[in-house]
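Below: one structure, written as structure tokens.
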Amino acid sequence: MKTWKIWSMLLCLMAFSAGLVSCSDDEGDFDSNLLIGRWELVSYEGYYYLPGGERFDYDEPVSGEYAEFYEDGTVYFDGDTGNWSQSGNKLVITVYGDSEAFTVASLTGSELVLEVSGRDEDGEYFDRTTFRRVD
């Protein structure tokens, strides 16, 4: 059930932020070689607006959820397989035909932080997902 919640939120965010990929020249590329490997999801935080305009903040520690990025452009996340690609500082993940462009806020040998934000019919939303390398 928890896996379904995370994937459904990611898919929902994908639907709401289709036009967020920026082409600005000041965005640096991330080192995709650092992405290759196994990562554990450790936190999920951000906000969104409920119908009626009330802001809902969340900050949830997570454990037992893993993502594995492979050199051939595939990604595996708790039973689902998709594809990943790089566009500047964006990590584009496609699962079940739906793509989402996450901003790589931080990528080191031990930590990956992905962010996505946008606006929908209820207002704006922001999500920061933090992973820790486990391989």
Side-chain angles (χ1 to χ4, degrees):
M1 183 59 119
K2 191 177 213 180
T3 300
W4 182 87
K5 176 185 170 191
I6 290 171
W7 275 113
S8 66
M9 289 207 56
L10 286 174
L11 290 173
C12 183
L13 290 174
M14 286 181 206
F16 294 129
S17 63
L20 290 179
V21 177
S22 172
C23 297
S24 173
D25 290 338
D26 63 350
E27 295 177 349
D29 292 349
F30 63 89
D31 183 356
S32 61
N33 291 322
L34 287 174
L35 184 64
I36 306 305
R38 183 175 167 99
W39 298 86
E40 180 179 17
L41 179 60
V42 294
S43 71
Y44 190 63
E45 62 183 297
Y47 64 84
Y48 62 89
Y49 285 87
L50 299 169
E54 182 182 352
R55 181 176 158 145
F56 177 77
D57 292 290
Y58 57 93
D59 185 357
E60 301 177 19
V62 182
S63 64
E65 305 281 338
Y66 297 91
E68 293 183 57
F69 293 89
Y70 298 95
E71 291 179 20
D72 68 357
T74 58
V75 58
Y76 178 80
F77 184 79
D78 281 346
D80 293 319
T81 301
N83 295 301
W84 69 271
S85 62
Q86 178 179 2
S87 178
N89 73 336
K90 304 290 183 185
L91 173 63
V92 181
I93 298 178
T94 304
V95 178
Y96 301 124
D98 293 317
S99 294
E100 176 67 84
F102 296 91
T103 299
V104 178
S106 175
L107 176 58
T108 66
S110 60
E111 183 180 70
L112 169 62
V113 180
L114 301 178
E115 296 179 343
V116 65
S117 62
R119 192 171 244 340
D120 62 19
E121 66 274 359
D122 295 321
E124 64 183 284
Y125 59 88
F126 172 78
D127 179 67
R128 177 180 294 124
T129 307
T130 303
F131 294 85
R132 178 184 61 217
R133 184 178 297 278
V134 293
D135 57 353

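Along the sequence shown, residues carry numbers from 1.
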Phe126: hydrophobic cluster co-members (side-chain, 4.5 Å):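 Tyr47, Tyr49, which link up through side-chain heavy atoms under 4.5 Å apart, make up the rest of the cluster.
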Spacing of [X] atom [atom1] and [Y] atom [atom2] [to the nearest 0.5 Å]:
X: Trp84; Y: Glu68; atom1: CH2; atom2: CD; result: 14.0 Å
X: Leu107; Y: Asn33; atom1: CG; atom2: CG; result: 10.0 Å
X: Glu100; Y: Thr94; atom1: CD; atom2: OG1; result: 10.0 Å
X: Lys90; Y: Asp29; atom1: NZ; atom2: CG; result: 12.0 Å
X: Glu45; Y: Glu60; atom1: CD; atom2: CD; result: 10.5 Å
X: Arg55; Y: Leu50; atom1: CZ; atom2: CG; result: 11.5 Å

Heavy atoms, side chains only, cut-off 4.5 Å: are [X] and [Y] in contact?
X: Ile93; Y: Phe77; answer: no
X: Tyr58; Y: Asp127; answer: yes
X: Ser32; Y: Phe69; answer: no
X: Leu114; Y: Val116; answer: no

Pairing residues for Glu124 by the salt bridge (Lys or Arg N to Asp or Glu O under 4.0 Å) criterion, not counting sequence neighbours: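 Glu124 satisfies salt bridge (Lys or Arg N to Asp or Glu O under 4.0 Å) with no residue once adjacent residues are dropped.
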Quick one: list whatever passes side-chain hydrogen bond (donor to acceptor under 3.5 Å, both in side chains) with [X], sequence neighbours left out.
X: Glu115; value: Arg128
X: Thr74; value: Asp72
X: Tyr66; value: none
X: Asp59; value: none

Hydrophobic cluster identity match, [X] and [Y], side-chain contacts under 4.5 Å:
X: Val113; Y: Leu34; result: no
X: Val95; Y: Val104; result: yes
X: Leu91; Y: Ile36; result: yes

Geometric class of the Tyr48/Phe56 ring pair [parallel <30°, tilted 30-60°, perpendicular >60°]: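 Phe56 vs Tyr48 ring planes: tilted.
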[X] (side chain) donor-acceptor with [Y] (main chain) under 3.5 angstrom:
X: Thr108; Y: Glu111; value: yes
X: Arg133; Y: Gly109; value: yes
X: Glu71; Y: Gly73; value: no

Nearest heavy-atom neighbours spanning Phe30 and Leu35: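 The pair with the smallest heavy-atom distance is CE1-CD2, 4.3 Å.
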